[in-house]
> 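I am attaching a structure below and will ask some questions about it afterwards.
Remember, it's a predicted structure, so these values are computed and weren't measured experimentally.
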There are 2 protein chains.
Amino acid sequence: MVNGSTRIRILDTALDLFGTRGVGTVSLDDIADAVGVRKQTILYWFKSRSGLIDAVLDHAADELLVVVEAAIRSRGDEPLDRVDAVVCAVFRPVVRRPALLGLIREVTRLDESHINHLRGRLSAVVERCVSYLTSEMEKGRLRTCDPMVLAGLLYSTVSGTGTEPIVLETFGWEPNAAGLRQVRRELRGFVRAALQPN
Amino acid sequence: MVNGSTRIRILDTALDLFGTRGVGTVSLDDIADAVGVRKQTILYWFKSRSGLIDAVLDHAADELLVVVEAAIRSRGDEPLDRVDAVVCAVFRPVVRRPALLGLIREVTRLDESHINHLRGRLSAVVERCVSYLTSEMEKGRLRTCDPMVLAGLLYSTVSGTGTEPIVLETFGWEPNAAGLRQVRRELRGFVRAALQPN
DNA sequence: TCACGTCTCTACCATTTGGTAGACAAATCT
DNA sequence: AGATTTGTCTACCAAATGGTAGAGACGTGA
């Protein structure tokens, strides 16, 4: 019998813990406890801790790619609307699965091999985004600037906003459903203003 | 004899390690090795690991506050210039001391007590920023929006851009002096465009 | 000189870490 | 039925962790 359910439960739980507490501070025992299983069961499904990390990164990339690809394909010719759709798409996991962006953001703390692993999974979308921004700038439909750096700025803004509610709270913001809608509204306005051609 | 130098060397080194590798993944032994001293020396100067973390957060807050306060007081009346000055001020440590913003960004991974400790240190500046943004919006000299959330968005954009060169590299950016200047230029343009009154 | 405070060290300790070896039960195949 | 594969477990282990206890080197004031 091919029992995938344990494997998937481990992946899901690990994603949540890695994403919220940081990869480096979550032990196999922590994950095992949360799943309701022994550490050795994790090591049965995944060769090592490092192997688990790569698998979780894949899992996260899958989840994110689906969302983003759908938004990119969504219709409407106007680039500001299109970028807006992607921003909303990336912001959705912030509400539904906060750990997802938190994990992606962990990339800075990982070592080279895991970084490259994640890069390999995301490079295609990244390239599409940059070339899309480039072409729309050439048509004068976006504020002209360096498209690579702009893509990075957009990523930082959206992911930072989504992964650091604690910072927003420091600025006086209230963490509830209404607050999140407010943040999303402001985020969209911010990005729109930043991209407007002049 | 009041020998502060060891204490300070520990603080500086810990700030660098915490900021670049993440608080949770740096052990007292790691710090001790980097300082060239034994772990027990650290525990002589700081009551515990947790005490060290608070002290390092203070150290970081001090360093950041000096820079930001100076920028806030600097330069003309025009709000876009003023915000620009703060952005540049916060961006400077990105080049000179990359760990500084990296540590501040670690706040999401810390536990409540450390979060509140850091908040206490930064709340004054934060409030000044928010009320400044508010008053300038009322005068119609900044794009009207929620000033609290805007402050959070600005923080996310600047700190994310500064602390995630790896992400920028994924977007095709090259990490050298010229690349950094380019990022700063784009960042300033991005923020300016996002704040422009309409 | 002697006593004292300052600073860093060696020697431990209990706990936790990632990981190996292999027992054992249930399901599957022949 | 018997043999084999699959999945989870218990029992370990060496290394690393934060932390305690206390020795000893050093300068300073009496």
> Go through the structure and list residues passing side chain to side chain donor-acceptor pair (under 3.5 Å) with A:Ser50, not counting sequence neighbours.
A:His114
> Looking at C:dT8, I'd like to know if its phosphate oxygens (OP1 or OP2) sit under 4.0 Å from a side-chain N or O belonging to B:Thr6.
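It does, given that an N or O in the side chain of B:Thr6 lies less than 4.0 Å from OP1 or OP2 of C:dT8.
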> Given atom CD1 of B:Ile8 and atom P of C:dC7, what is their separation to the nearest angstrom?
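Atom-to-atom, B:Ile8 to C:dC7, this comes out as 13 Å.
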> Taking only the side-chain nitrogens and oxygens of B:Tyr44, find out if one of them lies under 4.0 Å from OP1 or OP2 of C:dT8.
no
> Applying salt bridge (charged side-chain N to carboxylate O under 4.0 Å, His left out) as the test, list every pair that has at least one member in residues 144-165 of chain A; sequence neighbours left out.
A:Arg105-A:Glu164
> D:dT6, OP1 or OP2 - any side-chain N/O from A:Trp45 closer than 4.0 Å?
no
> In whole Å, I'd like the distance from the CG atom of B:Leu52 to the P atom of D:dG18.
10 Å
> By side chain to side chain donor-acceptor pair (under 3.5 Å), which residues pair with B:Asp54, not counting sequence neighbours?
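Side chain to side chain donor-acceptor pair (under 3.5 Å) check on B:Asp54 returns nothing, list empty.
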> Tell me, yes or no, whether the heavy-atom count around A:Glu174 atom CD, taken from other residues, nucleotides or ligands under 6.0 Å, exceeds 12.
no
> Tell me the interatomic distance from A:Phe46, atom CZ, to C:dG19, atom C1', rounded to whole angstroms.
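So the two atoms are 16 Å apart, to the nearest Å.
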> Would you mind listing every salt bridge (charged side-chain N to carboxylate O under 4.0 Å, His left out) that reaches into residues 18-27 of chain B, with sequence neighbours excluded?
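Qualifying pairs: B:Arg21-B:Asp30.
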> Which of residues 20-42 of chain B sit near DNA chain C, with a heavy atom under 4.0 Å from it?
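B:Val37, B:Arg38, B:Gln40, B:Thr41, in order of number.
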> Applying side-chain contact (heavy atoms from CB on, under 4.5 Å), name anything that partners A:Arg143, two or more places apart in sequence or on another chain.
A:Cys145, A:Asn198, B:Phe190, B:Ala193
> Given D:dT20, C:dT8, D:dG7, which nucleotide is nearest the side-chain atoms of B:Leu43?
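Taking heavy atoms from C-beta onward, the closest nucleotide is D:dT20.
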